[in-house]
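Letters A, B, ... mirror the listed sequences (proteins, then strands); counts begin at 1.
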Amino acid sequence: MLRIKNLHASIDNKEILKGINLEINPGEVHAIMGPNGSGKSTLSSVIAGKEEFEMTRGEIKFEGEDLTELDPEERAHKGIFLSFQYPVEIPGVSVTNFIKASINAHRKSQGLEDMKANEMLKLIREKSEMLEIDRKFLSRSLNQGFSGGEKKRNEIFQMAMLNPKLAILDETDSGLDIDALKVVANGVNKLRNKDNAVLLITHYQRLLDYIVPDVVHVMVDGKIVKSGPKELAYELEEKGYDWLKPEQV
Amino acid sequence: MELKDKLISSFLAFEEAFDLNSDIHELRTRSLKEFEQLGFPSKKEEAWKYTSLNSVLKPDYSVFPKKEDTIEYRDIKKYLIHDIDTYNLVFIDGIYSSHLSQTTHDKIDVCLMSSALSKSKYKPVIDNYFNKIVSKENGFTPLNTAFSKEGAFIHIHKNQLADKPIQIVNFATGNEAALMIQPRNLIVVDENAHVQIIERHQSLTNNPVLTNSVTEIYAAKRAIVDYYKIQNDRDTASLIDNTFVEQQEQSNCSMHTFSFGGKLTRNNLNFYQRGEHSDSTLKGITIIEDKQHVDHNTLVHHISPNCESHQDYKGIFAENSTGVFNGKVLVDKEAQKINAFQANNNILLDDKATINAKPQLEIFADDVKCSHGCTIGQLDQDSLFYLRSRGIPLKEAKALLMYAFANNVLESVKIPEIKKRINHEIAQKLGVSLGFDL
């Protein structure tokens with residue numbers, strides 16, 4: 001589904017990603033762990049198409065198609081979803097209206113009419129119940145005054161509504177207490193199927209107890225220095241990252 | 001002939017139509033002299049440094065409307081707030097249109113300045129209030145007074161609530177190759193009375209129009225005034241708006257100004273707080289492009305203690321448009337324990353767009369809270385990326401962020417239909433359909 005080869009990316013002429021190789025197949029869950037500043041969030045931004053980053057070398061293909069020239073919205077239309085570490089506040093636009101705009105933009109890109117109001121309502125009800133989201137929450141301004149946990153839950157709610165092929169969850173666990181983490185993880189697990197894939201970006205092994213990855217990658221200084229089964233996460237939790245230096249690979 | 005000379009020389013002909021023995025005649029004559037001395041302001045004056053009137057004063061304006069023209073309701077409906085019941089004072093090329101208006105004298109007076117100035121029963125009100133709080137810092141207000149003839153006269157008597165909003169709408173038909181209009185409004189809100197007013201100036205063709213409007217608003221003890229100005233005129237129409245608000249104790253006045261169009265718009269908005277515990281709100285959203293120019297020149301004069309004022313102006317400037325915000329807060333020595341807040345936030349969308357912002361505080365009291373903040377920025381790239389990553393295309397994503405930026409000004413709009421109308425005009429202005437009603 002996602003195939004990244006020798007990806008180099010920089011911002012303001014500073015190289016952040018220094019040759020990433022990553023392949024994710026349908027039905028798989030991958031986790032990327034690594035210390036602060038290793039480039040994890042940059043990788044997720046580059047996949048989603050953030051323009052501040054310049055891809056200097058390598059390629060990113062999604063379902064066989066080169067993403068390099070595509071705008072962020074075009075990538076979203078193809079089924080890539082990024083759950084943000086710091087979602088943006090939009091005063092005056094309710095969660096419901098925002099998701100309507102998003103869903104109808106997706107539909108428009110496929111040549112479809114706007115979703116019917118009752119259909120939209122049904123979908124919103126179904127997904128918000130799954131994520132234990134209060135109805136009142138949906139009429140509040142997007143992310144404005146939301147707690148950290150509410151913001152993350154709202155991201156997963158958008159993911160549930162959009163039903164992407166590839167969901168990249170960037171530090172979705174940070175700022176969540178254990179109960180909220182369970183609800184969010186449970187939601188992600190319910191959305192998984194054999195045709196979609198998840199890429200988890202995280203500092204901590206904790207999230208991986210609830211969303212169990214097929215592969216764990218360790219990223220240090222802009223490179224994936226080690227990949228392995230889920231047990232690798234426990235090893236990292238125990239030993240830290242110091243034993244994994246880029247030059248060892 | 002230059003516009004100034006043309007106006008001065010046509011004054012005699014203008015005056016012939018009136019009773020020359022009235023007090024108003026004397027006031028008009030005096031005001032014309034003032035205009036003669038002051039003339040039109042130039043960029044050399046500090047308050048007009050960033051607003052040049054050269055191109056606005058150039059056309060050969062007709063200064064008297066010739067005859068009443070009829071326009072059909074269906075042609076102007078879209079410029080009115082028509083989904084709620086309102087009183088309407090509609091003027092066409094400066095002349096009152098009875099068939100498009102709805103006035104009343106039932107408990108409140110919603111009628112014409114021409115009758116207020118000529119009928120004896122209004123004389124006490126006119127004597128008390130007409131031309132009492134205008135400033136003579138530039139020639140526009142004296143000029144308007146010299147030619148004052150028509151406009152809205154609204155008097156809300158003690159303990160009365162205007163049962164529906166009042167719309168004051170001035171249309172220019174384009175029957176004249178170029179037209180100058182000088183509406184004169186007087187709004188007197190007595191003790192414990194309440195009124196909501198919507199004002200609009202709209203040109204129906206691309207013939208040049210210059211409107212020099214003067215509005216005096218008096219809010220007595222515990223009166224509440226909600227005033228909305230919708231400025232979304234054609235690129236050939238300019239507006240000099242001079243509004244003066246005097247507040248007595250515990251009164252509450254709010255002015256929302258929505259500036260989305262017009263060649264040049266200058267808002268001279270002046271609030272005088274004469275009574276304790278009065279509350280003033282001045283808010284504005286400006287969204288302009290092309291070569292449009294909007295200048296907000298505000299004054300809040302805190303004369304009495306224990307009062308509040310809130311100013312919040314948002315501006316979004318695209319292409320070659322220019323904005324000016326000149327906000328002055330003046331706190332007298334006696335005006336202790338006041339709270340004056342002023343914010344002016346701007347977004348420049350293009351390299352050639354300009355905003356000149358100049359907040360001024362003059363404080364002579366020592367126990368007050370005054371704050372002002374001014375920002376100039378661009379749309380936040382991270383926010384844009386967030387919206388685009390949700391599949392929302394760039395143009396719509398920008399529109400959503402602009403809407404969000406201006407939103408808190410809309411929050412204090414008390415008439416839902418106005419909010420809806422403004423949202424609609426913003427969406428139309430930005431040329432987007434967002435898949436939901438804002």
Side-chain angles (χ1 to χ4, degrees), chain A residues 44-53 70-110 113-115 117 120 141-144 151 154-155 158-159 161-162 164 168 170, chain B residues 256 258 283 285 287 312 314 316 343 345 347 375 377-413 416 418-427 429-438:
Chain A
S44 55
S45 294
V46 170
I47 297 171
K50 194 170 188 183
E51 284 158 351
E52 284 92 323
F53 294 102
L70 297 188
D71 289 334
E73 56 268 36
E74 292 172 311
R75 299 183 196 207
H77 299 155
K78 297 213 176 291
I80 295 175
F81 178 88
L82 172 60
S83 166
F84 279 60
Q85 191 177 352
Y86 305 109
V88 168
E89 299 184 2
I90 316 272
V93 178
S94 67
V95 173
T96 303
N97 277 338
F98 180 66
I99 199 67
K100 274 185 198 167
S102 175
I103 283 192
N104 287 331
H106 276 81
R107 290 175 66 93
K108 200 174 173 188
S109 76
Q110 291 153 9
E113 297 274 298
D114 282 2
M115 188 182 273
M120 183 79 77
S141 286
L142 188 74
N143 291 319
Q144 199 185 21
K151 283 183 180 169
N154 182 32
E155 291 291 283
Q158 292 175 35
M159 170 186 163
M161 291 293 293
L162 293 167
I168 306 166
D170 188 5
Chain B
H256 288 76
F258 301 103
K283 292 193 178 190
I285 299 177
I287 305 177
D312 193 352
K314 308 275 188 195
I316 299 173
N345 307 103
I347 288 181
T375 62
Q378 283 145 358
L379 288 179
D380 179 48
Q381 291 302 317
D382 288 340
S383 305
L384 268 182
F385 174 56
Y386 181 76
L387 299 183
R388 296 175 80 189
S389 80
R390 295 298 179 262
I392 298 171
L394 183 61
K395 190 176 167 194
E396 280 75 14
K398 282 183 175 174
L400 264 181
L401 289 184
M402 289 186 237
Y403 176 75
F405 169 75
N407 182 259
N408 66 334
V409 169
L410 281 173
E411 275 172 358
S412 49
V413 172
I418 291 190
K419 205 181 273 191
K420 212 170 106 190
R421 163 61 64 96
I422 298 301
N423 285 341
H424 175 74
E425 295 203 15
I426 292 177
K429 174 117 192 133
L430 302 174
V432 293
S433 157
L434 297 165
F436 63 90
D437 291 332
L438 280 168

Salt bridge (charged side-chain N to carboxylate O under 4.0 Å, His left out) contacts in which one or both residues fall within residues 399-413 of chain B, not counting sequence neighbours: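 Salt bridge (charged side-chain N to carboxylate O under 4.0 Å, His left out) check on residues 399-413 of chain B returns no pairs.
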Distance, nearest 0.5 Å, that separates CD1 of Ile90(A) from CG of Asn407(B):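 Answer rounded to 0.5 Å: 10.5 Å.
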More than 12 heavy atoms from other groups under 6.0 Å of NZ on Lys50(A):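 Above 12, so yes.
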Gln110(A) atom CD, neighbour heavy-atom count above 12 within 6.0 Å: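 Yes, because the 6.0 Å sphere around CD of Gln110(A) holds more than 12 heavy atoms from other groups.
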Salt bridge flag under 4.0 Å for residues Glu51(A) and Arg388(B):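 Looking at Glu51(A) and Arg388(B), the cut-off is met.
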Short N-O contact, Lys108(A) and Glu396(B), less than 4.0 angstrom: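 Salt bridge: no.
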Are [X] and [Y] packed together at the side-chain level, in the sense that at least one heavy-atom pair is separated by less than 4.5 angstrom?
| X | Y | answer |
| --- | --- | --- |
| Val88(A) | Leu384(B) | no |
| Asp71(A) | Leu394(B) | no |
| Phe84(A) | Ser389(B) | yes |
| Glu73(A) | Leu387(B) | no |

Taking all non-hydrogen atoms of both residues into account, name the closest pair between [X] and [Y] and its distance.
| X | Y | result |
| --- | --- | --- |
| Arg390(B) | His106(A) | O-CE1, 3.2 Å |
| Pro393(B) | Ala105(A) | CD-CB, 4.1 Å |
| Phe385(B) | Gly49(A) | CE1-C, 3.8 Å |

Interface residue of largest heavy-atom contact number with chain B, from Gln144(A), Arg75(A), Glu52(A), under 4.5 Å: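 Option with the top pair count is Glu52(A).
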Toward chain B, the part of Pro164(A) with a non-hydrogen atom under 4.5 Å: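 No part of Pro164(A) comes within 4.5 Å of chain B.
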Engaged part of Leu142(A) at the chain B interface, taking heavy atoms whose separation is under 4.5 Å: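 Side chain only.
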Centroid-centroid under 6.0 Å between Tyr386(B) and Tyr86(A) rings: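 Ring-ring flag for Tyr386(B)/Tyr86(A): false, centres at least 6.0 Å apart.
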Side chain to side chain contact (heavy atoms under 4.5 Å, CB included) involving Lys78(A) - partner list, sequence neighbours excluded: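 Applying side chain to side chain contact (heavy atoms under 4.5 Å, CB included) to Lys78(A) gives Phe62(A), Glu65(A), Leu70(A).
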